[in-house]
Amino acid sequence: MSDSPSLPSTAVAKPTHFLADIVASDQAAGRYEGQVVTRFPPEPNGYLHIGHAKAICTSFILGQSFGGRCHLRFDDTNPETESDEFVRSIQGDVRWLGFDWGEHLYFASDFFETMFELAIDLIERGLAYVDSQSGEEIRSNRGTVTQAGTHSPFRDRSVAENLELFHKMRAGDFANGAHVLRAKGDMAAANMKLRDPLLYRIRNTPHHRQGAKWCIYPMYDFAHPLEDALEGVTHSICTLEFENNRDIYDWVIDNVDQSRLKTQPKQYEFARLNIGYTVMSKRMLRQLVEKGHVAGWDDPRMPTIAGMRRRGIRPQAVRHFVERVGLAKANSQVDAELLDGSIRDDLNFEAPRVMCVTDPLSVEIRNLPEGQVEWLDASYWPHDVPKTGSRQVPFTRNLAIEREDFAEVPPKKWRRLSPGAEVRLRYGFFIRCEEVIKGPDGKIEKLICSYDPKTRGGDSADGRKVQGTLHWVSADKGVPCELRVYDRLFRVENPGADRDFLEDLNPENLRVTHGIIEPAAASSAGLEEQRFQFERQGYYWADPVDSSKDALVFNRIVGLKSSWSKPALKTPAKPKAQSKPKKQKVGKRPELSPELAAAAAALQALGAPKADAEILVSEATLAPWFTGAVAAGATPKTASSLVVNELRRAAGDTPLDALVCTPEQLAELCGLLDAGKISSKGGKAILAVLVEKGGSASALMAELGLEQISDPAVLRPMVEKVLADNQANVDAYRGGQKGLRGFFVGQAIRATGGKGDPKVLQALLTELLG
RNA sequence: UGGGGCGUCGUCAAGUGGUAAGACACCAGGUUUUGAUCCUGGCAUUCGCAGGUUCGAAUCCUGCCGCCCCAACCA
């Protein structure tokens with residue numbers, strides 16, 4: 001679009017999901033003059049969460065990758081819950097994710113005047129009326145899912161009266177709820193949303209952007225399509241629960257004054273994101289904050305964008321996660337592990353490795369004199385991260401190691417420290433534990449160790465091996481710090497499924513410890529959003545709110561994956577593959593009514609198989625095709641099969657009694673099929689043309705070149721060539737990979753230009769492949 | 001219950017009549033001064049179930065089963 005050069009469209013890879021298919025085909029068909037405009041339309045009444053991130057990424061990337069754009073629009077049509085605070089936080093969150101709406105920032109409220117005019121126009125054309133029923137009356141007169149609603153007694157008010165009332169509504173002459181504006185829909189519609197949907201309601205409440213200008217506000221179903229159309233949106237993407245609203249969306253677009261609309265957008269729905277062990281609903285998130293279960297909307301345990309940001313997750317990780325999750329229409333719940341994995345993948349190449357002991361146990365190096373400092377060079381990066389850089393780490397007499405890295409009685413396969421054992425201190429020396437000092441309560445207070453000066457850097461001169469490598473920090477030179485280790489917010493995968501969701505809260509979703517960090521890391525913590533990997537512990541960064549130079553506070557962003565856990569604490573793995581119940585009860589096929597049964601029997605008498613006959617009588621337009629074709633000489637079985645299995649699909653949206661072809665033409669096609677002149681595939685190709693244009697089946701066969709080749713002598717060399725050209729697959733097939741059969745059939749059919757008789761081809765293949 | 005959707009590996013998800021992609025998880029080996037990373041290999045004879053059509057069906061037809069959404073003056 002010429003007026004919007006703001007979004008670089010080249011950098012974004014094209015997605016491959018179903019919405020991308022729709023956009024691509026719209027562009028190919030030249031709809032919207034090839035333009036693609038999407039929008040992200042949050043209501044400013046809460047903070048954005050990771051579910052919104054999916055919607056944001058989807059809409060922005062879809063727009064950008066097809067050379068279009070994506071708008072940010074605030075759907076602020078309900079003044080009672082909305083505020084500027086949310087407008088600001090949402091903008092910040094979208095920007096943080098890396099998206100830019102350029103000049104295309106909109107507010108539904110900026111369109112209020114236009115919407116009002118459009119509503120007036122609807123009233124003038126008799127398509128909307130002012131209803132003065134109470135809310136309760138409106139509800140009860142709407143009917144139920146199985147019963148039609150009843151018309152409002154006010155439905156037939158004159159245009160003049162409607163106009164007058166609506167203007168008075170706007171003027172503030174009425175109390176909340178006194179009147180509403182409704183569209184004249186269909187009170188008997190199966191889709192409840194179409195039963196005279198509400199367009200406007202009275203709300204004597206000031207609006208966060210419009211002030212006291214309005215006291216009537218448009219409803220979502222009226223406002224949303226208009227916002228889209230007024231902005232020039234082409235593809236309006238939302239979540240599955242709006243599927244039922246699509247009909248009104250279209251109604252509004254179709255019935256409103258067309259000259260005011262920039263585009264005629266269409267709505268498409270995708271499945272919202274769900275993740276295990278957390279909640280995503282605004283209501284539940286608000287409760288967590290308001291009841292103090294978390295410290296705020298940006299608490300690092302929250303699935304909010306603000307929470308993730310404060311936790312230290314980078315937007316790149318979120319975007320990668322959304323990409324991995326995919327996009328479809330099936331309700332689903334993503335494994336929480338996928339998010340963690342995405343965060344680790346991102347940080348693995350971003351975070352320099354440093355050492356921090358999160359739960360210190362004192363170690364005294366007996367043979368290193370007090371005051372002596374061995375400075376050791378330590379790389380910031382492991383061998384497989386292509387980055388360079390290192391720092392000096394002090395090794396002194398008093399050290400700290402992780403309390404859980406020592407076991408007085410080591411379990412099997414223990415690769416850490418234990419009495420008498422030797423381990424390597426990373427980048428440092430080998431040490432051996434010689435003495436364990438306990439306090440009066442029996443708790444281990446200190447380990448007395450010796451170090452081997454000849455192992456400086458971590459390699460022994462004599463080639464002796466050590467059972468493991470531990471991270472450590474000099475207690476003399478290290479810096480104390482607070483560590484906040486976050487775990488899953490909830491202890492069950494589906495919070496609230498069996499009880500109040502608050503009872504499912506994980507009591508250990510935050511563990512605070514006091515540790516010690518090496519000096520080099522301490523001095524760069526908090527600088528330029530510095531993230532670290534604390535070796536063998538996880539990824540951390542300084543909390544942006546609570547950490548300071550004098551009092552370091554680190555958030556654990558995500559732990560490292562570990563294939564080791566203490567046997568006693570080993571978390572029970574997910575219940576292993578409880579394979580689904582293979583059998584399920586099969587339902588009964590409903591009985592045919594006596595009339596239909598008689599009709600079916602008559603068709604059976606004509607030669608139709610029983611199952612086909614029952615289907616043929618199920619729709620009035622179906623049976624004539626069968627009887628007509630049989631009357632024209634078609635074999636009953638072929639005719640019924642064609643009508644039942646193929647005709648309707650080939651007809652598409654065209655009613656069967658409006659097709660241009662005739663039962664006689666169908667009969668001719670049956671004859672070709674029966675005579676083996678064409679394959680079933682060729683028959684379908686002909687049928688597709690027949691329903692569109694009609695004509696002679698045999699003429700079409702000649703025209704389309706579909707006449708079947710059935711002579712084995714002609715086909716054999718072609719099949720032989722296919723096998724010769726695919727020797728590797730032949731070997732694999734003979735080696736037992738029988739699935740390749742389909743590959744050969746496909747190849748053989750292609751080799752014959754689609755004309756080879758599949759039956760003969762199959763026989764040849766059987767013979768030649770053995 | 002009427003209507004609208006959706007069922008493909010433990011979890012997501014491609015595939016629309018011709019070899020059941022890929023990712024995460026998992027398992028087994030290898031590298032490793034992080035029990036991490038990385039590398040290699042394995043991981044759906046079968047697509048909710050049952051019939052039918054077809055040389056050939058996850059894909060077409062019929063029926064059934066299961067889950068989600070809709071009866072706010074919320075969005």
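A, B, ... follow the sequence lines: proteins, then strands. Residue 1 opens every chain.
- Using a 4.0 Å heavy-atom cutoff across all strands shown, A:Glu337 reaches sugar-phosphate atoms only and no base atom.
- In this structure, A:Tyr540 has its ring center no closer than 6.0 Å to that of A:Phe532.
- Taking every side-chain heavy atom of A:Ile615 into account, B:U62 is the closest of B:G35, B:C38, B:U62.
- Of the candidate nucleotides B:G5, B:A75, B:G35, B:A75 has the atom nearest to the side chain of A:Glu43.
- Atom P of B:U40 sits at a distance of 40 Å from the matching atom of B:G56, rounded to the whole Å.
- Nucleotides B:A20 and B:U59, compared at atom P, are 13 Å apart to the nearest Å.
- Residue contacts shown for A:Gly739 are limited to sugar-phosphate atoms, with no base heavy atom under 4.0 Å away.
- What separates NE2 of A:His17 from C1' of B:C6 is a distance of 18 Å, to the nearest Å.
- At a cut-off of 3.5 angstrom, counting only N and O atoms as typed in the model, there is no donor on one side facing an acceptor on the other between the side-chain of A:Glu241 and the base of B:C69.
- As judged by a 4.0 angstrom heavy-atom cut-off over every strand, A:Asp221 is placed among residues making no nucleic acid contact.
- Enclosure of atom CD in A:Glu80 by more than 12 non-hydrogen atoms of other residues, nucleotides or ligands within 6.0 angstrom is indicated.
- Within 6.0 Å of the CZ atom in A:Arg272, the count of heavy atoms belonging to other residues, nucleotides or ligands does not exceed 12.
- Set against B:A75, B:U1, B:G4, the side chain of A:Glu243 has B:G4 as its closest nucleotide.
- Listed here is the closest heavy atom pair of A:Asn348 and A:Tyr539: CA-OH, 3.3 Å.
- Between A:Asp335 atom CG and B:C9 atom C1' there is a gap of 13 Å when expressed in whole angstrom units.
- Using a 3.5 Å distance cut-off with no hydrogens or angles, the side chains of A:Glu402 and A:Thr358 do pair a donor with an acceptor.
- Using a 4.0 Å heavy-atom cutoff across all strands shown, A:Glu591 reaches no nucleic acid atom at all.
- Ring pair A:Phe395/A:Tyr451: centre-to-centre distance below 6.0 Å.
- As judged by a 4.0 angstrom heavy-atom cut-off over every strand, A:Thr766 is placed among residues making no nucleic acid contact.
- Summarising the geometry, the separation between CZ on A:Arg272 and P on B:C68 is reported as 15 Å, rounded to the nearest angstrom.
- Residue A:Arg246 places none of its side-chain N or O atoms closer than 4.0 Å to OP1 or OP2 of B:G4.
- At the heavy-atom level, A:Val644 lies under 4.0 Å from the strands shown only through sugar-phosphate atoms.
- For the pair A:Lys738 and A:Tyr733, the distance from NZ or CZ to the six-membered ring centre is under 6.0 Å and the angle to the ring normal is within 45 degrees.
- Within residues 322-333 of chain A, the residues that place at least one heavy atom under 4.0 Å from RNA chain B are, in residue-number order, A:Arg324, A:Val325, A:Leu327, A:Ala328, A:Lys329, A:Ala330, A:Asn331, A:Ser332, A:Gln333.
- The listed nucleotides are B:C55, B:U53, B:G15; the one nearest the side chain of A:Ser680 is B:C55.
- Spacing of P atoms, B:A50 relative to B:A58, comes out at 13 Å, to the nearest Å.
- Checking B:C74, B:A36, B:G17 against the side-chain heavy atoms of A:Lys681 singles out B:G17 as nearest.
- For the pair A:Arg283 and B:A75, the criterion of a side-chain N or O lying under 4.0 Å from OP1 or OP2 is not met.
- Atom CG in A:Asn245 sits roughly 14 Å away from atom P in B:C69 (whole-Å rounding).
- If you check every strand for non-hydrogen atoms under 4.0 Å, A:Thr77 touches sugar and phosphate atoms only.
- Within 4.0 Å (heavy atoms only), A:Val334 reaches sugar-phosphate atoms of the nucleic acid but no base atom.
- With hydrogens and angles left out, the side chain of A:Arg416 and the base of B:G35 share a donor-acceptor pair within 3.5 Å.
- Checked against B:U34, B:C61, B:U19, the side chain of A:Gln533 finds its nearest nucleotide in B:U34.
- Residue A:Tyr427 contributes atom OH, which lies 8 Å from atom P of B:U34 at whole-angstrom precision.
- Paired regions of RNA chain B, where each region holds three or more successive Watson-Crick or G-U pairs whose two hydrogen-bonding distances fall under 3.5 Å, are B:2-7 with B:65-70, B:10-12 with B:22-24, B:26-30 with B:38-42, B:48-52 with B:60-64.
- With its glycosidic angle within 90° of 0, B:A72 is assigned syn.
- Among all heavy-atom pairs drawn from A:Ala600 and A:Val617, the shortest one is N-CG1, 3.6 Å.
- Taking the ring centroids of A:Phe166 and A:Tyr200, they lie under the 6.0 Å cut-off.
- Distance from the side chain of A:Thr144 is smallest to B:A71 among B:G35, B:A71, B:C74.
- Within the nucleic acid shown, A:Arg142 comes within 4.0 Å of sugar-phosphate atoms alone, with no base atom in reach, counting heavy atoms only.
- Scanning atom types as modelled, no donor and acceptor separated by under 3.5 angstrom connect the side chain of A:Asn244 and the base of B:G5.
- For A:Lys561 against B:G35, a side-chain-to-base donor-acceptor contact under 3.5 Å is absent.
- The side chain of A:Arg353 lies closest to B:U34 when the candidates are B:U34, B:U37, B:G35.
- Counting heavy atoms of neighbouring residues, nucleotides and ligands inside a 6.0 Å radius, atom NZ of A:Lys329 exceeds 12 of them.
- The shortest non-hydrogen separation linking A:Ser679 to A:Leu673 is O-CD1, 3.6 Å.
- Residues A:Tyr220 and A:Tyr249 place their aromatic rings such that the two centres sit no closer than 6.0 Å.
- Of the candidates B:C12, B:G17, B:G35, B:G17 carries the atom nearest the A:Arg649 side chain, counting heavy atoms from C-beta on.
- Closest approach to the A:Arg648 side chain among B:G18, B:U62, B:C60 is made by B:U62 (side chain taken as heavy atoms from C-beta onward).
- Nucleotides B:C6 and B:A13 have their P atoms positioned 13 Å apart, rounded to a whole Å.
- Between the P atom of B:A71 and the CE atom of A:Met187 lies a distance of 14 Å, rounded to the nearest Å.
- Per the geometry, CG belonging to A:Asp405 stands 13 Å off P belonging to B:U34, to the nearest Å.
- Spacing between atom CZ of A:Arg750 and atom P of B:U19 amounts to 9 Å, rounded to whole angstrom units.
- In this view, A:Pro41 and A:Arg39, A:Arg73, A:His224 satisfy the side chain to side chain contact (heavy atoms under 4.5 Å, CB included) rule, not counting sequence neighbours.
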